[in-house]
**Student:** 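Take this structure first; my questions come after.
Naming: A, B, ... by sequence-line order, numbering from 1 per chain.
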Amino acid sequence: MQILEDLSGISVLDLSGETRVATRPEVPVPVYGERIVEGFRIWDPYRSKMAALLIKSHIAGTFYKLVSDLNLSPASKILYLGAATGTTASHFSDIVPAGLVYAVEFSARSMRDLLVLCTARDNIIPILEDASCPERYGPFLEPVDLVYQDVAQRNQAEIAARNAARYLKGGGALVLMIKARSVDVTADPKAVYKAEVERLAGVEVISSADLRPYHRDHWAVVARKEVERR
Amino acid sequence: MKITTWFGYIDASTGEVSLAGGEEEAGGRLMRISEETIRSSIKASSAIGEVWAADLQPDLRKLALEAGLFAGDCEYNSALRSTALRLVKIQLRASAGAEADLLQTIEALDDLNEVINALEERLYEWSRLTDDRRLRGAALAEALAEEEGSMGELARSILALAETKSSVTKSLEAAARTIAPNLAGLAGPVLAARMISRAGGLKRLSEMPASTIQVMGAEKALFKHLRGKAPSPKHGIIYRHPAVVGTARGARGRAARALAAKLAIAARIDRYSGETDPRLKEALDRRVQEIRDRPPGRRKKRGEGKDDRSGRRRTDR
């Protein structure tokens with residue numbers, strides 16, 4: 001095993017010829033059946049869109065730029081919208097050992113699985129709420145350094161913009177996974193993606209990438225919120 | 001003005017922070033908070049609603065630490081985590097209600113039906129090798145239950161499954177009657193449960209127009225019709241109701257329409273009041289009788305009658 005790149009707790013490894021992203025947990029225990037190699041949890045790009053984005057950025061040579069755009073530190077606070085059963089959330093939990101991941105998920109079924117992860121980790125805050133109503137989880141939150149969103153809703157960009165407006169610190173990053181098929185199945189996915197990016201108000205888009213071949217008709221958008229001038 | 005947070009209240013004007021309630025109260029208090037915020041996000045009229053509907057998020061951590069509620073970040077994190085875990089557990093328990101149970105029960109019943117049919121068919125094919133009695137289905141399983149070897153084993157399994165099915169049906173009927181007494185009374189408990197399951201809950205069923213209920217389950221025919229390639233379906237899963245199958249072909253569309261209208265009303269009563277209303281059943285019976293008594297030719301006067309005839313083609317089930 002060889003470490004190719006390593007920044008803010010995210011590593012790119014060479015596993016006998018295969019390129020993999022991974023995070024290093026305090027206790028190396030698999031969460032969703034992933035491989036553990038020398039203390040690293042291998043981050044599956046087919047299951048996690050974030051891993052797909054990281055691998056693609058590594059191949060494109062923009063890994064350092066991407067990760068430094070996210071501006072993560074071990075004490076960062078992350079708002080994760082659409083945490084589902086916690087596959088990706090568990091890796092974020094590895095990345096911010098001294099911070100918090102606020103994991104918002106609306107499905108009771110998924111939350112039941114997520115709860116298992118939340119009990120095993122001490123830095124994930126489960127919130128059973130609807131991400132399209134940001135004010136509902138206001139009583140729990142604080143301003144965060146990163147908003148990560150992966151919800152299969154029609155108004156993905158609007159949800160992201162409203163959550164970023166309310167919870168993202170000035171200068172903080174937004175990572176939005178756009179699932180074009182959830183917005184409009186009949187339209188051309190690329191056109192849908194472009195229209196969604198147009199709808200991202202209040203943040204400045206830094207970079208975007210499609211997630212092929214790991215996820216079809218998905219795009220990742222990284223944006224930054226402007227520092228408030230008052 | 002007070003802002004409600006997970007650890008207590010913040011006075012928005014003075015910035016004073018107070019820790020509310022004892023540790024054991026926290027779960028119930030948070031349940032109230034989440035209910036309040038839910039309600040206020042709908043009405044946006046209560047005091048909490050106004051504060052939380054505002055776009056700015058107060059830094060709760062900073063406020064709580066400044067007020068000295070927690071000794072440090074670590075204490076804040078672990079207190080927040082344990083309260084959030086407790087609240088989610090309460091919410092999950094509340095969501096896993098009788099209705100979710102009903103949905104699983106009807107699915108289980110459908111699965112049982114499918115499995116029993118498949119096994120009975122297999123048993124029939126198998127029995128043809130040695131047996132010349134012309135028995136089928138449950139009767140065949142009963143006849144072969146005493147046999148030795150794998151075939152008898154299979155027959156016994158079928159009988160056991162049939163028993164499971166009848167007990168599941170019984171509990172399904174009881175559940176449907178408690179959750180939706182009017183709907184169950186009008187449609188029969190199994191059909192009522194099937195409708196609730198199809199709609200994704202009584203709430204959603206009660207919000208459906210009668211026309212949707214009428215063709216629920218005939219989606220394929222409906223969309224074919226909407227694409228302009230077929231006549232409109234007259235009935236979906238409500239076809240099995242005696243008011244529909246018991247009516248002559250030509251009047252089934254009308255009967256299905258009348259039934260769907262009453263079912264929609266029944267679902268709404270069940271959702272919002274829950275009291276049984278016997279007038280509904282009487283009104284339906286009267287209307288169905290009226291439809292059946294009406295001479296079939298009369299409708300042609302209204303139009304050219306072309307639609308009526310094309311509607312006779314069986315487009316669904």
**Student:** Scan residues 68-83 of chain A for pairs that pass salt bridge (Lys or Arg N to Asp or Glu O under 4.0 Å), counting only residues two or more places apart or in two chains.
**Tutor:** Lys65(A)-Asp69(A), Asp69(A)-Arg224(A)
**Student:** In Å and rounded to the nearest 0.5 Å, what is the OH to CG distance from Tyr76(B) to Leu100(A)?
**Tutor:** 8.5 Å
**Student:** Scan for side-chain hydrogen bond (donor to acceptor under 3.5 Å, both in side chains) pairs involving residues 139-154 of chain A, sequence neighbours excluded, and state none if there are none.
**Tutor:** Lys49(A)-Asp150(A), Tyr102(A)-Glu142(A), Glu142(A)-Arg61(B), Asp145(A)-Lys169(A)
**Student:** Hey, does Asn123(A) have a side-chain heavy atom less than 4.5 Å from the side chain of Asn77(B)?
**Tutor:** no
**Student:** Does CD belonging to Glu26(A) count more than 12 external heavy atoms closer than 6.0 Å?
**Tutor:** no
**Student:** So, for Pro143(A) and Pro58(B), which heavy atoms are closest and what is the spacing to 0.1 Å?
**Tutor:** CD-O, 4.1 Å
**Student:** What's the shortest heavy-atom distance between Gln57(B) and Leu141(A), and which atoms?
**Tutor:** NE2-O, 2.9 Å
**Student:** Do any pairs count as a side-chain hydrogen bond (donor to acceptor under 3.5 Å, both in side chains) and have a residue in residues 174-184 of chain B, sequence neighbours left out, and if so which ones?
**Tutor:** Asn182(B)-Asp270(B)
**Student:** Pull out the residues in residues 103-113 of chain A that come under 4.5 Å of chain B, heavy atom to heavy atom, sorted by number.
**Tutor:** Ala108(A), Met111(A), Arg112(A)
**Student:** Considering non-hydrogen atoms only, spot the tightest contact between Pro126(A) and Ala84(B) and give its length.
**Tutor:** O-CB, 3.6 Å
**Student:** Calculate, to the nearest 0.5 Å, the distance between atoms OG1 and CZ belonging to Thr119(A) and Arg81(B) respectively.
**Tutor:** 7.0 Å
**Student:** Which atoms form the tightest heavy-atom contact between Val88(B) and Leu128(A), and what is the distance?
**Tutor:** CG2-N, 4.0 Å
